[in-house]
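Excluded from the calculations below are hydrogen atoms, water molecules and symmetry mates; all remaining heavy atoms, backbone and side chain alike, are included. Chain letters run A, B, ... following the sequence lines, proteins first, then strands; residues in each count from 1. None of the values given here were measured: they were computed from a predicted structure.
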Amino acid sequence: MTGNTVRQAFIRSLPVLAGYVVLGIGFGILLQKNGYGVLWAFAMSALMFAGSMQFVGVSLLAGGASLLTTALTTLMVNARHLFYGISMISRYRDAGRKKPYLIFALTDETYSLVVDGNVPEGCDPHSFYFFVSLFNHCYWVAGGVIGALLGQVLPFDTAGIEFSMTALFLSVFTEQWITAKNHLPAITGVAAAVVCLLLFGPDRFLIPTMLAITALLTLLRRKTGAEPPTDRPDGQTEPDGCAGGTEQEGGAA
Amino acid sequence: MLYLGRVLPYAIMGMLVVYCLRETDFTASPFGLPELAAGAVVVLLHVWKRNTLVSILGGTALYMLLLRLCAAL
């Protein structure tokens with residue numbers, strides 16, 4: 001029964017509703033503040049559906065970033081979605097016509113709702129995943145549009161609202177730090193960014209930073225403890241377990 | 001490739017934080033203090049509540065408040 005599947009999917013998606021609407025509003029306001037209206041909010045949220053990357057997108061748009069910078073930045077920022085796709089390969093395999101949309105809509109939040117593969121009784125799995133994705137998508141678009149509209153009529157001065165983007169990334173960074181066993185990748189990211197910022201200036205440092213990060217992480221492979229569990233249980237055999245190497249020392253501001 | 005996918009998120013998030021603060025002038029008034037203070041609040045709130053929305057709302061509110069305070073001073 002499709003009606004039941006839709007209802008179950010709605011229930012499953014509820015935890016994401018608040019988050020996506022509030023965050024979407026933040027995005028919409030930020031976008032509007034930069035001179036892009038409701039149509040932009042709708043189009044970006046509907047066609048990109050990229051959460052935090054859309055926040056970065058506002059900066060890129062406002063700053064007139066090149067297509068190359070935009071493409072590379074999107075690739076690096078959203079690289080984690082690679083894993084979501086891999087995790088869902090078997091579950092999405094026979095989804096037929098729904099598959100492209102399912103892949104498109106696999107954001108952090110959607111992933112968190114579908115990853116356990118738990119589908120309520122009586123629901124067709126692929127339809128269920130489809131509607132969960134669709135509801136999330138709608139919440140996100142709604143938030144963005146509402147934010148863009150609000151941005152025009154808010155009675156108080158919204159100076160400083162762009163900090164919501166910094167706050168978003170900081171809180172995700174903190175969450176990652178808390179749950180990570182090895183902080184070397186995080187430190188590498190910050191250090192590489194600061195050094196490149198100083199060397200290349202605020203408008204040009206993203207690409208060098210991403211190249212540096214890729215190179216450094218590849219070189220430091222053994223020390224990041226990110227090898228698959230079958231190789232070694234905790235990824236570390238060196239007694240010091242700490243980040244060695246001179247790459248980070250010069251970078252911290 | 002899979003290895004990079006595993007470690008990149010941490011590095012990229014660090015890069016993004018720096019990206020957000022790239023135009024902050026720490027050498028002239030207000031010396032990036034609103035950013036530092038609000039940033040600290042975001043981190044502390046998050047360690048306390050582990051809730052992204054709470055951290056964002058709290059930090060952003062403080063930042064907007066501090067901006068106005070600094071302008072008035």
Does any backbone or side-chain atom of B:Leu21 lie under 4.5 Å from a heavy atom of chain A? Answer side chain, backbone, both or neither. side chain
Going by ring-ring contact (aromatic ring centres under 6.0 Å, His included), name the pairs with one or both residues in residues 28-56 of chain B, residues two or more places apart or in two chains. none
Can you name the residues that form a ring pair (Phe, Tyr, Trp, His ring centres under 6.0 Å) with A:Tyr139, not counting sequence neighbours? none
Mind checking ring pair (Phe, Tyr, Trp, His ring centres under 6.0 Å) for B:Tyr10 and listing every partner two or more places apart, or none if nothing turns up?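 Not a single residue meets the ring pair (Phe, Tyr, Trp, His ring centres under 6.0 Å) criterion with B:Tyr10.
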Taking only heavy atoms into account, what residues of residues 27-36 of chain A are found under 4.5 Å from chain B? none
Hey, could you give me the OG1/CG distance between B:Thr60 and A:Leu168, rounded to the nearest 0.5 Å?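 The CG atom of A:Leu168 is 9.0 Å from OG1 of B:Thr60, to the nearest 0.5 Å.
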For chain A, find which of B:Ser55, B:Pro9, B:Gly59 contributes the most heavy-atom pairs closer than 4.5 angstrom.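 Looking at each of B:Ser55, B:Pro9, B:Gly59 in turn, B:Pro9 comes out on top.
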Among the listed options B:Leu66, B:Val43, B:Leu57, the residue most often paired with chain A at heavy-atom distances under 4.5 Å: B:Val43
One option among A:Glu175, A:Met76, A:Met210 has the most heavy-atom pairs under 4.5 Å with chain B, and it is A:Glu175
For the interface with chain B, which of A:Val56, A:Asn78, A:Ile178 has the highest count of heavy-atom pairs at distances below 4.5 Å?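 Among the listed options, the one with the most contacts to chain B is A:Ile178.
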Any donor-acceptor pair under 3.5 Å from B:Tyr63 side chain to A:Glu162 backbone: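 Not at all, since once roles are kept as given, no pair shorter than 3.5 Å links the two residues.
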Would you please test A:Leu23 and B:Ile56 for side-chain contact (heavy atoms from CB on, under 4.5 Å) and show each step? CA-CA 9 Å; A:Leu23 211 55; B:Ile56 294 177; 3.7 Å; yes
Taking side chain as everything from C-beta outward and backbone as N, CA, C, O, which of these in A:Ile161 sits under 4.5 Å from a heavy atom of chain B? Side chain, backbone, both or neither. both
Where does A:Leu217 contact chain B at under 4.5 Å (heavy atoms): side chain, backbone, both or neither? both
side-chain contact (heavy atoms from CB on, under 4.5 Å), that's the test. Do A:Val190 and B:Val17 meet it? Break it down for me. CA-CA 8 Å; A:Val190 175; B:Val17 172; 6.0 Å; no
Is the NZ or CZ atom of B:Arg22 both under 6.0 Å from the centre of the six-membered ring of A:Phe205 and within 45° of that ring's axis?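 That pair does not qualify as a cation-pi contact.
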Closest non-hydrogen atoms of B:Leu67 and A:Gly160, given as atom of the first, atom of the second and distance, are CD1-CA, 3.7 Å
Begin with the C-alpha distance, continue with both residues' side-chain angles, and end with the deciding distance and a verdict on side-chain contact (heavy atoms from CB on, under 4.5 Å) for B:Arg50 and A:Thr174. CA-CA 9 Å; B:Arg50 302 289 287 275; A:Thr174 308; over 6 Å; no
